[in-house]
Amino acid sequence: MRAPAIATTAARHTPWMHRLCLLLLCAAYLQGGFNKLTDFGSAIAEMQHFGLAPAGPLAALVIALELGASVAVVSGWYRWLGAGFLGVFTLMATFVANRYWDMAAGHERFMTANSFYEHLGLTGAFLLVAWLDLQKGEDGTR
């Protein structure tokens, strides 16, 4: 099923809206990467909090991934690869940081479960961006 002509026309004439949507999708990763970069000690402490080692190299890898993949998604340069990396990273991080099933019933478990499923949605959004980008032809059309 094809998109209505009005939607296709609007998408072609508003590339800034497409870029804005991608920027919003990557906002948490840009903010997180920048915060970790400017406070590397806290980035290491975050890795240690989740039991990840070696904390320093992993923190550096996460910073590079969050910032580099976000730039790829927003700029369009290897968008599919950046979105794929962020999708897989988000899924893995969700299972490390939002293990609500290990928590006692209550408000904290409720909030952590919400975060878990919100992050599954982000994972789906990034994988959809990657898939759609791979569907494009060399001339930029589907």
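For clarity, every value in this text was computed on a predicted model and none was experimentally measured.
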Inset, instruction - Please determine, by modelled atom types, if Ser115 and His119 share a side-chain donor-acceptor pair under 3.5 angstrom. - result: yes
Legend entry - Linked, directly or transitively: Leu52 and Leu65 (ILVMFWY side chains, under 4.5 Å): yes
Inset, instruction - Answer with yes or no after comparing the ring centroid distance for Phe116 and Phe95 against a 6.0 Å cut-off, counting only values under it. - result: yes
Inset, instruction - Please report the closest heavy-atom contact between Ala55 and Gln48, naming both atoms and the distance. - result: CB-CG, 3.7 Å
Legend entry - Gap between atom CZ of Phe110 and atom CD of Glu108 - 0.5 Å precision: 13.5 Å
Inset, instruction - Kindly compute the distance separating CD (Glu46) from CG (Leu58), expressed to the nearest 0.5 Å. - result: 11.0 Å
Legend entry - Output field: ring centroids Phe85/Tyr29 closer than 6.0 Å: no
Inset, instruction - Using a cut-off of 6.0 Å, state whether more than 12 heavy atoms not belonging to Phe40 lie near its atom CZ. - result: yes
Inset, instruction - State the CG-CD distance between Leu128 and Gln135, to the nearest 0.5 angstrom. - result: 10.0 Å
Inset, instruction - Determine whether Val88 and Thr123 make a side-chain contact, defined as any pair of heavy atoms from C-beta on separated by less than 4.5 Å. - result: no
Legend entry - Heavy-atom side-chain contact between Leu25 and Leu122 under 4.5 Å: yes
Legend entry - From CZ (Arg109) to NE2 (His107), nearest 0.5 Å: 14.0 Å
Legend entry - More than 12 heavy atoms of other groups within 6.0 Å of Phe50 CZ: yes
Legend entry - side-chain hydrogen bond (donor to acceptor under 3.5 Å, both in side chains) partners of Ser42, counting only residues at least two apart: Asp39
Legend entry - Val71-Leu86 co-clustered via ILVMFWY side chain contacts under 4.5 Å: no
Inset, instruction - Would you list the pairs meeting side-chain hydrogen bond (donor to acceptor under 3.5 Å, both in side chains) in which at least one residue belongs to residues 57-82, sequence neighbours left out? - result: Lys36-Glu66
Inset, instruction - With the side chain counted from C-beta on, respond yes when Leu30 and Leu23 share a heavy-atom pair under 4.5 Å apart, and no when they do not. - result: yes
Inset, instruction - State yes or no: do Tyr100 and Met111 share one hydrophobic cluster built from I, L, V, M, F, W and Y residues joined by side-chain heavy-atom distances below 4.5 Å, directly or via other members? - result: no
Inset, instruction - Drop me the distance from Leu22's CG to Phe126's CZ, to the nearest 0.5 angstrom. - result: 9.0 Å
Inset, instruction - Provide the closest heavy-atom pair for Ala130 versus Ala83 in the form atom of the first, atom of the second, distance. - result: N-CB, 3.8 Å
Legend entry - In one Ile/Leu/Val/Met/Phe/Trp/Tyr side-chain cluster, 4.5 Å: Met92, Val96: no
Inset, instruction - Would you kindly confirm whether Leu120 and Leu127 end up in one hydrophobic cluster when ILVMFWY residues are joined by side chain heavy atoms under 4.5 Å apart? - result: no
Legend entry - Closest heavy-atom pair and its distance - Gly33, Ile63: O-CG2, 4.0 Å
